[in-house]
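In what follows, every heavy atom counts, from backbone to side chain, and hydrogens, waters and symmetry copies are set aside. Read the numbers this way: they start at 1 and go in the same order the structure lists the ligands and their atoms.
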Amino acid sequence: MYKELENKVAVVTGGSKGIGTAIAQRFGKEKMNVVVNYNSDKEGAEKAVKAIEEAGGKAVSVQADVSSEEGIQRLLDTALENFGTLDIWVNNAGMENQHPTHELSLEDWERVLKVNLTGVFIGTKAALNYFTENDKKGNIINMSSVHEQIPWPTFAHYAASKGGVKLFTETVAMEYAPKGIRINSIGPGAIRTPINAAKFDDPEQKELLESMIPLGRVGEPKEIAAAAAWLASDESSYVTGITLFADGGMTLYPSFQGGKG
Ligand code: NAD
């Protein structure tokens, strides 16, 4: 737990399930005030709100599509109206689907880029506007992926979106460092969430996946939430523009394990 996070105000996008819910719950344990965003799963967001309140924080859920400026403005307005300020903005919402690239429709390409990359831009812009106008040393955390670094055949749009998040994060970090605003990404490996539940339900796929992870197991959402809490805290005060990989070693070229190659 990080004492300085108590009463801080955070927006978490895509908070109705998976990693977003885990971050919201962890922020609740830190006794923070949290705006939990959902797109369609109101019930999931309400559960996250309840968990935050039970843990000692305060929370409110808000519907918004992160790819719309109007939706993002609603999230910021809710934070200001309910909690009076904004300290931390977490761009977590994301989506993926699988298609060979020659069959990938322009519609699928644009939707994934719009949520995973444009959504990060719009959220970051709203937070930066508030931080700069109010002379606030705010903190932004983007959910990237190991696929900002590892190519992923049949997920070209997803990999392109996360590669974009990487350089966007680095650029904004440099641009706003003089104002004391920090922005970092988290690069999860394979985490047990609804986004890839089908893979984990198939024993063969699960075993194959585990063989690509030096620590030998998939990660839990709370292990990503722990990285988010650290990046939000003052313990990471000298860290900006990085991707913190929390991936069980997936980015370490595991096919070379045991001296192969
Ligand atoms: P998930 O599918 O469980 O949750 C994604 C969340 O994003 C959901 O709450 C969903 O409603 C929300 N969302 C999607 N589109 C939205 C939109 N337009 N507006 C608002 N919310 C929207 O997935 P997850 O595994 O929890 O993923 C969270 C983030 O972590 C994503 O950015 C994902 O790319 C990234 N990630 C996940 C893994 C993993 O293994 N689970 C690995 C690497 C990166």
Just which atoms of ligand 1 are under 4.0 Å from any heavy atom in [X]?
| X | result |
| --- | --- |
| Ala64 | 19 (N), 20 (C) |
| Asn196 | 39 (C), 40 (O), 41 (N) |
| Asn37 | 20 (C), 21 (N) |
| Asp65 | 17 (C), 18 (N), 19 (N) |
| Ala190 | 40 (O) |

Among the heavy atoms of [X], does any lie under 4.0 Å from an atom of ligand 1?
| X | value |
| --- | --- |
| Thr13 | no |
| Arg192 | no |
| Ser144 | yes |
| Asp41 | no |

Checklist line | Member of Lys136, Lys8, Lys137 meeting the side-chain hydrogen bond (donor to acceptor under 3.5 Å, both in side chains) criterion with Asp87 | finding: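 Only match with Asp87 under side-chain hydrogen bond (donor to acceptor under 3.5 Å, both in side chains): Lys136.
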Under 3.5 Å: N/O of [X] near N/O of ligand 1:
| X | result |
| --- | --- |
| Ser145 | no |
| Gly15 | no |
| Ser67 | no |
| Tyr38 | no |
| Pro188 | no |
| Gly189 | yes |
| Val66 | yes |
| Thr193 | yes |

Can you report which non-hydrogen protein atom sits closest to [atom], along with the distance?
| atom | result |
| --- | --- |
| atom 6 (C) of ligand 1 | Gly14 O, 3.8 Å |
| atom 3 (O) of ligand 1 | Pro194 CD, 3.2 Å |
| atom 10 (C) of ligand 1 | Lys17 CE, 4.2 Å |
| atom 15 (N) of ligand 1 | Val115 CG1, 3.7 Å |
| atom 13 (N) of ligand 1 | Ala93 CB, 3.8 Å |
| atom 11 (O) of ligand 1 | Ser16 OG, 3.8 Å |
| atom 33 (C) of ligand 1 | Tyr158 OH, 3.7 Å |
| atom 23 (O) of ligand 1 | Ile195 CB, 3.3 Å |

Is there a donor in the side chain of [X] and an acceptor in the side chain of [Y], or the other way round, less than 3.5 Å apart?
| X | Y | answer |
| --- | --- | --- |
| Asp65 | Ser67 | yes |
| Thr169 | Ser185 | yes |
| His99 | Asp108 | yes |

Measuring from [atom], which candidate in [options] has the nearest non-hydrogen atom?
| atom | options | result |
| --- | --- | --- |
| atom 30 (O) of ligand 1 | Lys199, His147, Glu96, Met143 | Met143 |
| atom 5 (C) of ligand 1 | Gly94, Ser40, Gly18 | Gly94 |
| atom 29 (C) of ligand 1 | Asn92, Ile224, Thr21, Ile19 | Asn92 |

Donor-acceptor pair, [X] side chain versus [Y] backbone, under 3.5 Å?
| X | Y | value |
| --- | --- | --- |
| Asn139 | Ile88 | no |
| Asn33 | Asn7 | yes |
| Asp247 | Pro188 | no |
| Thr132 | Asn129 | yes |
| Lys162 | Met143 | yes |

Notebook entry, point to check: With under 30° as parallel and over 60° as perpendicular, where do the rings of Trp152 and Phe155 fit, or are they tilted in between?
Noted result: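 Aromatic pair Trp152/Phe155 classed parallel.
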Next item on the list: Please work out which of the three classes, parallel, tilted or perpendicular, describes the rings of Tyr158 and His147, given edges at 30° and 60°.
Entry: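 Because their plane-to-plane angle is over 60°, the rings of His147 and Tyr158 count as perpendicular.
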Check: Taking atom NZ of Lys29 as the centre, does the number of heavy atoms from other residues, nucleotides or ligands within less than 6.0 Å exceed 12?
Finding: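 Open: at most 12 neighbouring heavy atoms sit under 6.0 Å from NZ of Lys29.
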Notebook entry, point to check: Counting only heavy atoms not in Met212, do more than 12 fall under 6.0 Å of its CE?
Noted result: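 For Met212, atom CE is not crowded (no more than 12 foreign heavy atoms under 6.0 Å).
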Check: Does a side-chain N-to-carboxylate-O contact under 4.0 Å join Arg74 and Glu70?
Finding: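 Looking at Glu70 together with Arg74, the answer is yes, because their closest N to O distance falls below 4.0 Å.
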Item checked: Side-chain ion pair, Lys50 and Glu46, N-O less than 4.0 Å ->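 The answer is no: the pair does not qualify as a salt bridge.
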Checklist line | Residue portion contacting ligand 1 (non-hydrogen atoms closer than 4.0 Å) for Asn116 | finding: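 Neither; nothing of Asn116 gets under 4.0 Å from ligand 1.
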Margin query: Counting only heavy atoms closer than 4.0 Å, does ligand 1 sit against the backbone of Arg111, its side chain, both, or neither?
Written below: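 Side chain only.
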Item checked: In one Ile/Leu/Val/Met/Phe/Trp/Tyr side-chain cluster, 4.5 Å: Ile224, Leu231 ->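 Yes, Ile224 connects to Leu231 through the hydrophobic network.
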Notebook entry, point to check: Would Val34 and Val62 show up in the same hydrophobic cluster when neighbours are defined by side-chain heavy atoms closer than 4.5 Å?
Noted result: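 Looking at the clustering, Val62 is in a separate group from Val34.
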